[in-house]
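What you see below is based on every heavy atom in this structure, not just the backbone, and it leaves out hydrogens, waters and symmetry mates. All ligand and atom numbering here is 1-based and tracks the order in the structure.
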Amino acid sequence: MARDNDPIQTIRHRRSVRTYDGKLVAQDLLDKVMSYASGIQSPFGVRVQFKLLDVERDHLSSPVITGARTYLGAKVARQAGAEESFGYAFENVVLFATELGLGTVWLAATIDRKAFEAAMDLAPDEVMPAVSPLGHASDKMSLREKAMRKALKADDRLPFGELFFAGDFTHPLAPEAAGAWRPVLEAVRVAPSATNKQPWRVVVTDGALHLYEQHTKGYAKDATGDIQKVDLGIAACHLERAAAAEGIRGTFTRDANPQVNIPEGCEYLFSFVRE
Ligand SMILES: Cc1cc2nc3c(=O)[nH]c(=O)nc-3n(C[C@H](O)[C@H](O)[C@H](O)COP(=O)(O)O)c2cc1C
């Protein structure tokens, strides 16, 4: 049975919203979002700074968005763990906003980046990988949004066995063989990712999930950082929430690399080790 604010239901039901109703969000909802955002601590060690931005005041635009009045911006100091921390923190806010009934969509590429970075007072040693509108979804998707979802195959994800492996990369993991990890891995699988590339790969060993980034060539850019590391931070957020919902306790560490052979373009990032 779905419970109110059941974390796994929220993760399943979230989708990118690109067509908004044109109305301002009530201030108390925005206050709740910002208060939640300011309390997030990343397991990857870097603090993410959030700021509410106003479309009119800050002259913001995105060619894929209609009807948004307010955006959530965020930035992070350039250093190791910045992108994963950003993904983890920002997705937590996205899911919190989803629970409040607000629409969001991660936007890294299709924004007037100059205007957003100016509004964020971005310093040279900082990076703003992405932003999101915060608003109420319109009853109807714009034609452009429908076309985008189709082009991105936004409702599809790669099969379980292409993303998740048992012991090493030569053994695809079937959902039925994943045991207690199954809902946790499903929560990773439905996560949003830049152009829906789903770069996360997971090797399951006794008591641990090991997360890897499958790089898409040409994705790491100076303006956004390595956006697929952001995707891995998003995966960590979904993993942690689903594990907590399933009563699985664990911690993230970079010191549990199982040292298995990895496919070309794949990079070990971190593990979630059961307590
Ligand atoms: C890091 C990141 C960057 C993204 N950048 C954009 C973007 O620039 N423009 C856009 O329309 N969607 C962007 N998206 C949204 C993805 O296209 C979307 O999450 C994916 O297609 C899956 O659809 P869903 O979110 O509805 O499940 C981004 C998503 C992520 C996670």
Write down, by chain and number, every protein residue that brings a non-hydrogen atom to less than 4.0 Å from an atom of ligand 1. Arg14, Arg15, Ser16, Arg18, Val64, Trp106, Leu107, Ala108, Ala109, Thr110, Met148, Arg149, Leu152, Ala154, Arg157, Pro192, Ser193, Ala194, Asn196, Ile227, Asp231, Ile234

When the ring centroid of Trp200 is compared with that of Tyr212, is the distance short of 6.0 Å? no

Tell me, yes or no, whether the heavy-atom count around Lys51 atom NZ, taken from other residues, nucleotides or ligands under 6.0 Å, exceeds 12. yes

Rounding to 0.5 Å, atoms OG (Ser38) and CZ (Arg47) come to a distance of 9.0 Å

Return the orientation label for the Phe50 and Phe90 ring planes: parallel under 30°, perpendicular over 60°, tilted otherwise. parallel

Tell me which donor-acceptor pairs under 3.5 Å the side chains of residues 265-275 have, and how far apart each pair is, sequence neighbours excluded?
{"unit_1": "Glu267", "atom_1": "OE1", "unit_2": "His215", "atom_2": "NE2", "d": "2.8"}
{"unit_1": "Glu267", "atom_1": "OE1", "unit_2": "Lys229", "atom_2": "NZ", "d": "2.9"}
{"unit_1": "Tyr268", "atom_1": "OH", "unit_2": "Asn257", "atom_2": "N", "d": "3.4"}
{"unit_1": "Tyr268", "atom_1": "OH", "unit_2": "Ser271", "atom_2": "N", "d": "3.4"}
{"unit_1": "Tyr268", "atom_1": "OH", "unit_2": "Ser271", "atom_2": "OG", "d": "2.6"}
{"unit_1": "Ser271", "atom_1": "OG", "unit_2": "His210", "atom_2": "ND1", "d": "2.7"}
{"unit_1": "Glu275", "atom_1": "OE1", "unit_2": "Arg249", "atom_2": "NE", "d": "3.3"}
{"unit_1": "Glu275", "atom_1": "OE1", "unit_2": "Arg249", "atom_2": "NH2", "d": "3.4"}

Value rounded to 0.5 Å, distance of CG in Leu102 from OG in Ser132: 9.5 Å

